[in-house]
Structures are given as structure tokens and as C-alpha cells.
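Structure record follows, encoded as C-alpha cells.
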Amino acid sequence: MKGNKMYQHSMENKAYLYLFNSNIMRVETEVAARDHHHHAIKIAIIPEVNSKVIFNDEEIYKNTIIVDADILHSFNLYSNPVLILLINPESEIGSAIRQKYLQEGNFSFFDYTYDPHLEDHFKELLNSTLSRLMIQDIYNDIIHALLGKSPDTFTLDKRIEEVFQRIEVLEDKKISVKELASQVYLSESRFAHLFKEETNIPVRQYLAWVRLLDALEMIVAGLSFTDAAME
């Protein structure tokens, strides 16, 4: 996502897609996703009490499901709403989610008691397209609920933050690890180690992630999947 812009797209089955700050939020009335994986940590929140989710052919009755990045899984929720956050796995928030919820495996299922005001926001998400500020507030509240602190309290090594900023302004996100390392005055091997240490993911995977986000922006703006992939 470039800057703080947010793109919104509503579909016939009453689903909403928001892209913001290198993350994705989807709100849908039902989901039927066969075996798939994505380079993002998935947080699925099911507002309806005792809703049944078919996850990898297993019935799950929990209101929160977390799936690690790049993990093959299926996810089916019929006739019930769901809020899905796709979190940048290279971010410190992504690392904190892994550390708290995914230490013992690639999936985590649990019931969480969300604050009443956040439950009200879930209802708003299902009934209308919300502003960028409202979506950002909901995202911040969810992260605070799950991790115990707000997104703005997470910090990275200043050199990695600088690299993020430099990548953000690149048109096609094509740059070598050696070039990035030289921009923050580190050797290629030291930079690759520092990036993995700070973000818990290799730098090349991060570059693939931001290119995917750019393609999603183009699709939401009206380009076909083929044209976006070519770009």
C-alpha cells in the first residue's frame, strides 16, 4: 500500500475489501476457500456466537482463528459473517502474533471476548463501506485486543525502517538485496541477517509481498487480473 491511502471494493455477495498500511482486511457474509495459501498471517474473526467453521475438513467452533503465512489450508464458513485480516508477516506485529499464538504450530483456534464497542464495529463493517480512519481504528483495536498493545508501540531497527521506506517509493519494487544493503551501509550478508532477525522473514519474500500488494491495488482500481500480473 502506498502512503496512507486505502482502497475499498464492494462485491455482490456483500463483501468488502480494504487495503491499508501493507495489510488487507476482508469482510464477507460467507467464505468457501479450498486449499490455498498466501504470504500473510491470517486472522479470522467470526462475530456470530457458536458459528461452525470447516477448517481443513475439521469442524471448529471458535470465534478467532489464526493461520501462519505460506501454510496450505481450506476455510469454509457458510451463511455467517467473517472478518479476515491478512497481516504483513515481515512486520513486527506479524512477528509478535507468531510469537504469542503460533509457537506450537501453524494454526491457533480460540474464543476471545472482544469489547462491546469492537463488536459494534463488526456490525458496521458488515452493513456499509467505512472510511479509512474507521478501518484503521478497528485494525488498531483488534491488534490491541490480541497483543495487549497498540500497533504504534512496535518499533523496528532504524535501518530496516529506512529500507521499508525506500522500497515503498519504488515503482516496480524490483531492487536487489545488495542494493538495499548498500543504502543502509551494511554488507549483503549482515543486512540479510538483520532483516530476518527483525522481521522473521527473508528480505526476498518481503519484496514478493509488496509486489503482490501493488497488484491488488491495480485490481481494486479496475485492472484485470492478467493486466495487474503483467504490471
Side-chain angles (χ1 to χ4, degrees), residues 1-7 17-25 37-43 66-71 85-103 106 132-133 135-137 139-140 142-144 146-221 223 228-231:
M1 194 68 229
K2 295 183 174 68
N4 286 323
K5 291 190 296 181
M6 181 191 69
Y7 293 81
L17 171 68
Y18 302 89
L19 307 182
F20 63 102
N21 299 343
S22 298
N23 297 301
I24 301 169
M25 181 185 292
H37 61 84
H38 34 67
H39 187 57
I41 297 171
K42 174 188 285 185
I43 301 175
I66 299 180
V67 184
D68 205 353
D70 301 311
I71 299 301
L85 278 176
L86 297 178
I87 302 293
N88 181 353
E90 290 79 24
S91 67
E92 191 171 356
I93 290 173
S95 180
I97 290 170
R98 278 176 164 152
Q99 185 174 10
K100 183 170 182 178
Y101 294 103
L102 300 170
Q103 286 278 2
N106 297 320
R132 181 189 67 81
L133 289 176
I135 292 299
Q136 186 70 57
D137 284 345
Y139 167 78
N140 290 346
I142 292 171
I143 297 303
H144 187 275
L146 295 177
L147 295 179
K149 54 182 180 178
S150 299
D152 57 8
T153 63
F154 290 89
T155 59
L156 287 171
D157 184 286
K158 295 298 182 185
R159 291 165 293 185
I160 302 303
E161 287 186 347
E162 182 178 343
V163 165
F164 283 158
Q165 292 167 4
R166 289 176 181 271
I167 293 173
E168 185 72 22
V169 299
L170 291 175
E171 285 282 332
D172 56 9
K173 304 297 186 292
K174 292 181 180 179
I175 188 169
S176 70
V177 176
K178 185 176 181 179
E179 286 179 89
L180 289 172
S182 68
Q183 291 176 358
V184 290
Y185 308 103
L186 293 173
S187 68
E188 184 175 350
S189 60
R190 172 59 186 142
F191 169 70
H193 177 78
L194 178 64
F195 193 96
K196 178 70 180 295
E197 186 178 64
E198 287 288 303
T199 66
N200 204 36
I201 204 81
V203 61
R204 288 182 178 85
Q205 286 192 26
Y206 175 73
L207 290 170
W209 169 254
V210 293
R211 286 197 291 271
L212 173 62
L213 287 178
D214 277 358
L216 284 172
E217 287 186 31
M218 295 174 193
I219 291 167
V220 171
L223 265 68
M230 291 297 292
E231 287 292 330

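Just so you know, these numbers come straight off a predicted model, no measurement behind them.
In terms of heavy-atom proximity, Glu188 sits nearest to Ala181 at CA-CB, 3.8 Å. Here the closest heavy-atom approach between residue His38 and residue Leu86 is recorded as CE1-CD2, 3.9 Å. Of all heavy-atom pairs between Ala69 and Arg98, the closest is CB-NH2, 3.6 Å. Closest approach of Val67 to Leu102, counting heavy atoms only: C-CD1, 4.5 Å.
In this structure a side-chain-to-backbone donor-acceptor pair under 3.5 Å is missing from Tyr139 to Met25. In terms of modelled atom types and a separation under 3.5 Å, the side chain of Gln205 and the main chain of Pro202 share no donor-acceptor contact.
Between Asp68 and Ile41, some side-chain heavy-atom pair lies under the 4.5 Å cut-off. Counting heavy atoms from C-beta on, the side chains of Phe195 and Val177 never come closer than 4.5 Å.
Asn140 contributes atom CG, which lies 8.0 Å from atom CD1 of Ile143 (distance to the nearest 0.5 angstrom). For the atom pair CD1 of Ile142 and CG of Leu85, the computed distance is 4.5 Å after rounding to the nearest 0.5 Å. Distance check, rounded to the nearest 0.5 Å: CD1 of Ile43 to CG of Leu146 gives 5.5 Å. The CZ atom of Arg211 sits 10.5 Å away from the NE2 atom of His39 when rounded to the nearest 0.5 Å. One distance of note links CD1 of Ile93 with CG of Asn88; it measures 9.5 Å at 0.5 Å rounding.
Side-chain contact check for His37 and Asp70: no donor-acceptor pair (N or O, by modelled atom type) lies under 3.5 Å.
For the side-chain hydrogen bond (donor to acceptor under 3.5 Å, both in side chains) test, no residue two or more places apart in sequence or in another chain qualifies with Gln183.
If you run side-chain contact (heavy atoms from CB on, under 4.5 Å) between Leu180 and each of Leu186, Ile167, Ile160, only Ile167 comes through.
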Fill in: Stepwise side-chain contact (heavy atoms from CB on, under 4.5 Å) check, Phe191 with Val163
CA-CA 10 Å; Phe191 169 70; Val163 165; 3.6 Å; yes

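The 12-atom threshold is exceeded at CD of Glu162, counting heavy atoms of other residues, nucleotides or ligands nearer than 6.0 Å. A 6.0 Å sphere centred on CZ of Arg204 holds no more than 12 heavy atoms belonging to other residues, nucleotides or ligands. Within a 6.0 Å sphere centred on NZ of Lys178, heavy atoms belonging to other residues, nucleotides or ligands number 12 at most.
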